[in-house]
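Chain letters run A, B, ... following the sequence lines, proteins first and then strands; every chain starts at 1. This is a predicted model, so every value here is computed, not measured.
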Amino acid sequence: MPETLSQLLDDSVLAMPIAAGLIMGALTINVLMLVWAERKVSAWIQRRMGPTEVGPFGLLQTLADMLKLISKQLITPSNVDKPLFHLAPLLAFAPVIAAVALMPFSKSLILVQNDFGLLFVFAFGGIAVIAIFMAGWGSNNKYALLGAIRSVAQSISYEIPLILSALSVVLVVNAMGFTLASGGSIVVANGLDLSHIVMAQDQHGLWFVLVQPIAAIIYFISALAETNRAPFDIPEAESELVAGFHTEYSGMRFSMFFFAEYTNMLIVSMLAVVLFFGGWDGPVLPGPLWFFLKSYMVIFVMMWVRWTFPRLRFDQLMTFCWKVMIPLSILNLLATAFVVAVL
Amino acid sequence: MGKVDKGDLGRFLPLVDRSATPVVDPRGAEVAADPAVVRLAILDDLLNMGRANSLWPLTFGLACCAMEMMAAGASKYDLDRFGAGVFRPSARQADVMILAGTISKKMAPVIRQLWDQMPGPKWAIAMGGCTIDGGPFKYPNQYAIVEGADKIVPVDIYIPGCPPRPEALIAGFLQLKEKIKAGRKFNR
Amino acid sequence: MGYFGKVLSGFGSLLTGMRITFSQFAKTFFGRKNVTLQYPKEQPKLAPAFRSAIKLIRFEETGTHDCVACKACERICPSYCIKLSGGKVEGIKKKRVAEFEMDFSLCSLCGLCIDACPTDTLEYSKVYEEAGYNRDWRVDLVAEFREYEAEFVEKQRVIEEKAATAKKAKAEAAKKAKEAKKAKEAEKAKEAEAEAADTAEKPDTAEKPPALEAKPAKADAPAKAEVPTAEVPTAEAPKS
Ligand code: SF4
Ligand code: SF4
Ligand code: SF4
């Protein structure tokens with residue numbers, strides 16, 4: 001009996017296709033649901049109804065959108081840099097799938113077990129930035145290029161507080177030795193292993209949002225900026241930059257960016273759950289269900305924030321990052337390190 | 001003299017017959033009986049359903065009628081109920097162009113360019129008298145406006161009024177949906 | 001307020017904003033109340049002053065419109081959207097409109113035609129959901145009245161005939177009354193003369209009546225003297 005799903009998959013030749021298919025299917029359903037939810041949440045915040053006519057409660061709305069996007073004409077403008085233009089959506093699309101594979105849905109349901117999962121997730125986030133810049137540069141369009149430049153500047157700036165806040169959690173985990181449930185032996189906790197972070201919270205019955213509240217807030221805000229969500233959606237600011245880096249993309253290529261954006265939302269909220277909200281930890285219900293429930297709650301808050309606040313100006317965005325977020329996260333990290341060292 | 005309050009919400013009687021009539025398939029029964037054609041037709045219908053229910057308009061307004069278009073997108077009328085509330089800023093991602101307002105001759109080339117940038121299949125709605133045939137700005141020897149949006153883009157739905165109410169725009173969207181669902185079996 | 005104070009107060013204001021949007025969310029999601037009018041399923045309540053394209057009023061008395069094809073509306077329309085024709089109708093004196101073509105797509109709902117109409121037979125309609133596949137939005141405003149036209153003409157003919165006979169009768173009565181008055185006046189004058197003068201010089205009948213007629217005209221309004229003077233005897237005529 002293989003212990004984890006990843007081991008099961010390791011034994012099979014079909015491992016790669018099966019895993020990829022599973023993730024793709026799940027993510028597609030997730031994106032369909034998230035887009036529907038986004039439209040419904042925005043509607044409810046604005047006291048209206050949102051999609052109601054297509055299917056029950058408008059549930060089939062996004063399916064219709066998808067059908068339409070699939071059948072739309074794919075336009076390649078004449079003066080684009082063709083290789084970059086064609087590659088960019090794929091490159092935006094691929095790392096998000098890889099990042100989802102690293103997530104510990106429960107103690108045994110981990111598609112890819114990796115000792116440095118946290119680092120990998122951030123690394124994959126970095127690839128998405130390259131994809132966005134490729135899209136902006138390859139489009140040969142001033143709006144796309146400006147959007148891409150903004151996106152890169154923003155992502156690089158906000159990655160610092162994001163990683164610093166995650167690092168303070170890693171420090172806390174590393175300071176804890178804990179018992180693995182299966183073995184019963186004391187293992188040195190590896191704070192970069194996503195499942196170890198969850199297990200540490202499980203063990204002490206204490207979610208890290210209580211231990212590291214400031215880190216949690218900083219993480220959440222930086223995650224909004226990382227995923228280009230409002231109020232940090234200046235890379236695609238409609239009033240200034242038409243549609244930002246995906247101005248020239250139509251049909252399926254555009255929907256790949258769309259897909260990547262919504263899956264990114266899922267990834268950062270899953271990571272938030274792993275880091276601060278105890279992962280699969282929860283009573284009665286099975287682990288994966290708790291995991292997804294918590295993730296969707298975080299996503300709901302992201303939507304709620306999006307439909308509440310207006311967009312920041314670019315200088316405000318940068319000021320906010322370098323003058324508020326980074327100092328706060330460094331202070332938080334130093335304080336954590338101090339406490340961990342003293343205790 | 002007193003008035004009879006009758007026919008108030010009714011429709012005008014048009015001078016020409018405006019009703020849409022389905023056309024008989026010119027390919028005839030033989031082709032229609034071909035299973036491959038039928039299967040393709042089902043796929044076509046499915047795609048048409050998707051298209052009809054996901055009409056993303058292009059975000060742009062030309063004049064006063066755009067106010068009513070915005071009202072149609074806002075909470076009171078909520079175009080999003082029909083899946084048409086996603087106003088896309090980029091022409092590359094839009095499906096339907098709502099021409100809402102006066103088309104000046106200066107603006108006409110820009111509109112045509114936007115139309116050419118939209119990926120097919122695409123549709124256009126002419127909202128308001130100005131886009132149907134010049135409206136209030138049409139007079140002999142006028143030099144400033146284009147008398148009718150259909151001189152620059154192929155228009156599918158015409159909504160009269162100055163401006164039309166948001167309900168009229170929604171009615172226009174519903175008629176466009178009917179048209180798309182009917183596919184080519186549609187004569188206008 | 002220092003650095004941390006600013007950060008805290010900023011965070012507080014963010015939370016206030018989120019509280020407000022959540023209260024709206026809760027009202028819609030839990031309270032099931034939204035402000036959307038579900039248009040094809042629900043119809044809007046139109047304001048009494050709502051303006052849509054013009055139409056002809058149907059009057060209760062006649063069961064049809066009262067357009068006399070004077071073309072005042074056609075001339076005043078700034079958008080050139082009215083084209084009408086009409087004129088004399090067989091059997092009646094009143095002119096009637098035959099074709100009233102209005103182009104909905106040109107009309108700017110300014111209302112000048114409504115103000116200009118001498119018979120007040122135009123008004124704003126409440127048509128609000130027009131949309132179609134065709135750019136031709138010319139509508140025939142008299143179309144819905146056509147079937148009543150013959151009836152109306154018949155009625156109008158009767159009314160006009162009655163009016164004509166009544167007028168004739170009135171005119172005759174007025175004439176009689178006038179003659180009677182004249183006779184009376186003449187008698188009075190005779191008597192007065194007879195009383196005044198012994199030596200009989202007969203009064204000039206051609207001179208006196210104009211003087212008598214001029215007197216009541218001066219007593220009434222000076223400019224519009226004709227209408228009241230014409231009506232006063234006719235109104236009195238049936239009584240006497
Ligand atoms: S039809 Fe009337 S409301 Fe619409 S753009 Fe023209 S003038 Fe403005
Ligand atoms: S409302 Fe104005 S524009 Fe319309 S028909 Fe009357 S006069 Fe012409
Ligand atoms: S102004 Fe009135 S009476 Fe004259 S033609 Fe127009 S609608 Fe008829």
Side-chain angles (χ1 to χ4, degrees), chain B residues 1-20 72 75-78 81 125-140 148-150 155-162 164-176 179 186-188, chain C residues 24 28 34-44 46 50-53 55 57-64 66 77-81 99 101-110 119-121 123-144 146:
Chain B
M1 282 204 256
K3 311 176 222 167
V4 182
D5 199 19
K6 185 187 157 203
D8 246 356
L9 291 177
R11 302 211 150 194
F12 282 134
L13 295 168
L15 272 183
V16 291
D17 183 20
R18 264 194 232 112
S19 58
S75 298
K76 179 76 187 279
Y77 296 103
D78 196 10
R81 284 180 294 139
I125 294 179
M127 180 184 184
C130 283
T131 48
I132 297 178
D133 55 4
F137 303 108
K138 180 177 168 182
Y139 57 88
D150 42 10
V155 176
D156 296 275
I157 299 289
Y158 297 84
I159 307 170
C162 185
R165 278 180 72 96
E167 286 95 350
L169 181 57
I170 294 175
F173 262 104
L174 295 179
Q175 291 195 13
L176 181 56
K179 182 173 179 171
F186 195 90
N187 187 22
R188 57 164 146 132
Chain C
Q24 298 301 323
T28 329
N34 53 49
V35 296
T36 305
L37 179 106
Q38 297 199 51
Y39 157 64
K41 292 176 199 156
E42 295 170 41
Q43 301 298 325
L46 296 177
F50 173 67
R51 294 174 167 200
S52 187
K55 68 167 196 180
I57 299 175
R58 185 188 295 278
F59 292 104
E60 256 170 28
E61 289 85 350
T62 54
T64 178
D66 198 16
C77 177
S79 313
Y80 305 94
C81 58
E99 261 160 26
E101 182 191 313
M102 196 269 305
D103 196 335
F104 193 176
S105 64
L106 288 177
C107 178
S108 59
L109 318 179
C110 65
T119 56
D120 285 340
T121 190
E123 68 167 354
Y124 294 116
S125 67
K126 302 274 189 243
V127 174
Y128 70 98
E129 47 179 359
E130 291 286 88
Y133 303 109
N134 200 303
R135 75 171 273 172
D136 193 332
W137 283 97
R138 285 172 303 157
V139 287
D140 192 358
L141 290 188
V142 281
E144 54 176 317
R146 289 256 157 72

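Across every non-hydrogen atom of B:Ala171 and C:Ala131, the tightest pair is C-CB, 4.3 Å. Between C:Gln38 and B:Arg81, the shortest heavy-atom contact is CA-NH1, 3.1 Å.
Checked by atom type and distance alone, the side chain of C:Tyr39 never pairs as donor or acceptor with a backbone atom of B:Pro166 at under 3.5 Å. Of the possible donor and acceptor atoms, one in the side chain of C:Thr36 sits under 3.5 Å from a partner among the backbone N and O of B:Ser75. Between the side chain of B:Glu167 and the backbone N or O of C:Pro44, no donor-acceptor pair lies under 3.5 Å.
Contacts with chain C were tallied for B:Cys130, B:Gly128, B:Pro136; B:Pro136 has the most, counting heavy-atom pairs under 4.5 Å. Listed options B:Gly129, B:Ala126, B:Gly148, B:Gly135 were ranked by heavy-atom pairs under 4.5 angstrom with chain C; first place goes to B:Gly135.
Taken from OH in B:Tyr139 to OG in C:Ser79, the straight-line distance is 12.0 Å, to the nearest 0.5 Å. Residue C:Asp103 holds its CG atom at 5.5 Å from CG of B:Asp133, rounded to the nearest 0.5 Å. Taken to the nearest 0.5 Å, the CZ atom of C:Phe104 stands 11.0 Å off from the CD1 atom of B:Ile159.
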Might you work through the side-chain contact (heavy atoms from CB on, under 4.5 Å) test for B:Val155 and C:Arg135, ending with a clear yes or no?
-> CA-CA 9 Å; B:Val155 176; C:Arg135 75 171 273 172; over 6 Å; no
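Residues C:Tyr80 and B:Pro140 have side chains in contact (heavy-atom distance under 4.5 Å, counting atoms from C-beta outward). Residues B:Lys76 and C:Val35 are not in side-chain contact: their nearest non-hydrogen atoms beyond the backbone lie 4.5 Å or more apart. For the pair B:Asp156/C:Tyr133, no side-chain contact is recorded, criterion being any heavy-atom separation below 4.5 Å from C-beta on. Proximity of C:Ser105 to B:Lys138: side-chain heavy atoms (C-beta onward) are nowhere separated by under 4.5 Å.
Every residue two or more places apart in sequence or in another chain was checked for a side-chain hydrogen bond (donor to acceptor under 3.5 Å, both in side chains) with B:Thr131, and none qualifies.
Contact of B:Leu174 with chain C is made through the side chain alone, with heavy-atom distances under 4.5 Å.
Test C:Cys110, C:Ser52, C:Cys107, C:Ser108 against B:Cys162 for side chain to side chain contact (heavy atoms under 4.5 Å, CB included) and you get one pass: C:Ser108.
Figure legend: B:Arg165 and C:Phe50 shown as a cation-pi pair, the cationic atom lying under 6.0 angstrom from the six-membered ring centre and within 45 degrees of its axis.
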